[in-house]
Amino acid sequence: MARVNPKDSLKRARAEMYRGLILDAAEAEFAAHGYDNAKMQNIAQGAGIALGTLYGVFPGKTEIYDAVQELRGREILGHISLAIQGHTEFPDVALRGIEAYVRYLVERPHYLQMHLREGLSWTDREVLRSGEQVATWEQGVKLATTLLKIGIERGLLHADNPPELQIKMLIAVHQVQIRDWLDRGAKAAEVPALIARMQQHFCRAFVRESAATRGAHKPARRANG
């Protein structure tokens with residue numbers, strides 16, 4: 001077994017530390033100024049490192065942006081998957097997914113603001129800037145569409161629109177509701193009410209009355225409950 005060089009281990013640990021600092025600072029910079037106006041110097045200052053150190057970890061702004069998207073995309077999909085794991089009753093599983101998705105976004109305001117500041121539709125794949133964004137969008141839509149298909153097949157959801165269109169309709173409404181929460185001050189105390197409104201909209205718009213009368217449309221508890 002090859003012996004680990006302590007210097008190499010220290011170098012890797014330092015690089016990972018710098019990477020974390022850079023991504024946090026970049027997220028704030030992109031949120032404040034957008035991708036086009038974000039400055040590498042500002043990211044370095046926000047991370048508390050020299051500009052040369054920044055370029056030693058990432059060759060440019062595009063690579064930093066992609067890294068933020070890859071990290072957060074992986075986290076948010078994992079967060080949703082964990083929230084619905086072991087739950088099969090529909091639409092409870094959908095409500096849990098909505099709650100996990102919303103809580104992740106509101107707890108990371110810089111990441112949220114990155115996507116809201118440019119006023120682009122979350123339903124439009126073509127406006128996404130990076131390959132990492134596209135990959136996360138496609139995986140998220142695939143997961144949600146699969147859940148909607150299950151609900152339709154079980155007769156719990158309206159089938160007047162295909163699930164691919166339903167998920168886009170749902171995403172558009174969620175974007176408006178989260179934008180409104182952010183514009184009104186992004187108060188943490190209002191997050192439970194925000195989640196409840198989004199869950200209730202899903203039930204009113206997509207869940208059939210027969211399922212609602214059985215109580216299947218009640219908002220889910222906390223995603224980690």
Side-chain angles (χ1 to χ4, degrees), residues 2-83 100-143 171 174-175 178-179 181-183 185-188 191 223:
R3 186 176 180 181
V4 177
N5 188 322
K7 290 184 178 180
D8 290 340
S9 297
L10 181 61
K11 185 177 181 180
R12 285 194 296 271
R14 185 182 295 112
E16 285 302 311
M17 179 188 69
Y18 286 150
R19 180 182 175 86
L21 293 171
I22 291 167
L23 295 185
D24 286 344
E27 204 170 55
E29 176 70 6
F30 291 134
H33 303 290
Y35 176 84
D36 292 333
N37 294 321
K39 305 296 183 184
M40 293 290 279
Q41 180 64 53
N42 292 344
I43 295 173
Q45 290 178 353
I49 61 176
L51 186 59
T53 302
L54 172 60
Y55 277 111
V57 181
F58 290 101
K61 186 167 63 173
T62 297
E63 289 76 14
I64 297 176
Y65 189 88
D66 287 349
V68 171
Q69 295 296 343
E70 191 277 331
L71 172 64
R72 297 309 185 200
R74 185 175 68 247
E75 288 180 348
I76 195 169
L77 291 175
H79 201 64
I80 294 171
S81 296
L82 182 62
Y101 158 77
V102 176
R103 286 195 183 279
Y104 183 90
L105 290 178
V106 301
E107 289 171 4
R108 292 158 184 81
H110 288 152
Y111 179 66
L112 174 60
Q113 186 64 35
M114 281 176 60
H115 300 285
L116 288 173
R117 65 168 288 107
E118 296 180 2
L120 301 176
S121 172
W122 290 357
T123 67
D124 190 353
R125 179 186 182 279
E126 301 306 316
V127 303
L128 301 180
R129 185 181 297 275
S130 75
E132 298 299 342
Q133 279 182 294
V134 171
T136 298
W137 187 89
E138 289 180 341
Q139 290 179 58
V141 167
K142 181 179 179 180
L143 174 61
I171 290 171
H174 285 183
Q175 182 177 1
I178 292 175
R179 171 86 263 181
W181 170 80
L182 197 65
D183 289 343
K187 297 177 182 178
V191 170

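The figures that follow rest on heavy atoms only: side chains count, while hydrogens, waters and symmetry mates do not.
Side-chain atoms of Arg72 and Met114, non-hydrogen and from C-beta on, never get closer than 4.5 Å to each other. Here the side chains of Ile49 and Val57 are not in contact, with every heavy-atom distance at 4.5 Å or above. Residues Glu107 and Val191 are not in side-chain contact: their nearest non-hydrogen atoms beyond the backbone lie 4.5 Å or more apart. Side chains of Arg179 and Leu182 form a contact here, defined as non-hydrogen atoms less than 4.5 Å apart. At a threshold of 4.5 Å between non-hydrogen side-chain atoms, the residues Leu77 and Arg74 do not count as touching. The shortest distance between side-chain heavy atoms of His110 and Phe30 does not fall below 4.5 Å.
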Test log, rule side-chain contact (heavy atoms from CB on, under 4.5 Å), inputs Gln139 and Leu143: CA-CA 6 Å; Gln139 290 179 58; Leu143 174 61; over 6 Å; no
Yes or no on side-chain contact (heavy atoms from CB on, under 4.5 Å) for Thr53 and Ile22, after CA distance, side-chain angles and deciding distance? CA-CA 10 Å; Thr53 302; Ile22 291 167; over 6 Å; no
I'd like to know whether Asp66 forms a side-chain contact (heavy atoms from CB on, under 4.5 Å) with Phe58, so could you lay out the CA-CA distance, the side-chain angles of the two residues, the decisive distance to 0.1 Å, and finally the verdict. CA-CA 11 Å; Asp66 287 349; Phe58 290 101; over 6 Å; no
With salt bridge (charged side-chain N to carboxylate O under 4.0 Å, His left out) as the test, would you mind laying out the steps for Lys142 and Glu138 before giving the verdict? CA-CA 6 Å; Lys142 181 179 179 180; Glu138 289 180 341; over 6 Å; no
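Of the residues listed (Leu112, Val102, Leu105), the one engaging Trp181 in a side chain to side chain contact (heavy atoms under 4.5 Å, CB included) is Leu112, and it is the only one.
Closest non-hydrogen pair, Ala25 versus Gly46, comes out as CB-C, 3.6 Å. Nearest approach of Ala47 to Leu21, heavy atoms of both residues: CB-O, 3.6 Å. The two residues Ala67 and Arg19 make their nearest non-hydrogen contact at CB-NH2, 3.7 Å. The heavy-atom pair separating Ile80 from Ala100 by the smallest distance is CA-CB, 4.0 Å. Across Ala44 and Leu51, no two heavy atoms sit closer than the pair CB-CA, 4.0 Å. Scanning both residues, Asn37 and Glu29, for their nearest heavy atoms gives O-OE2, 4.2 Å.
Put simply, CD on Glu27 and CD on Gln69 are 8.5 Å apart, with the number rounded to the nearest 0.5 Å. Rounded to the nearest 0.5 Å, atoms NZ (Lys61) and CG (Asp36) are 6.0 Å apart.
Here Arg14 pairs with nothing under the side chain to side chain donor-acceptor pair (under 3.5 Å) rule; sequence neighbours left out.
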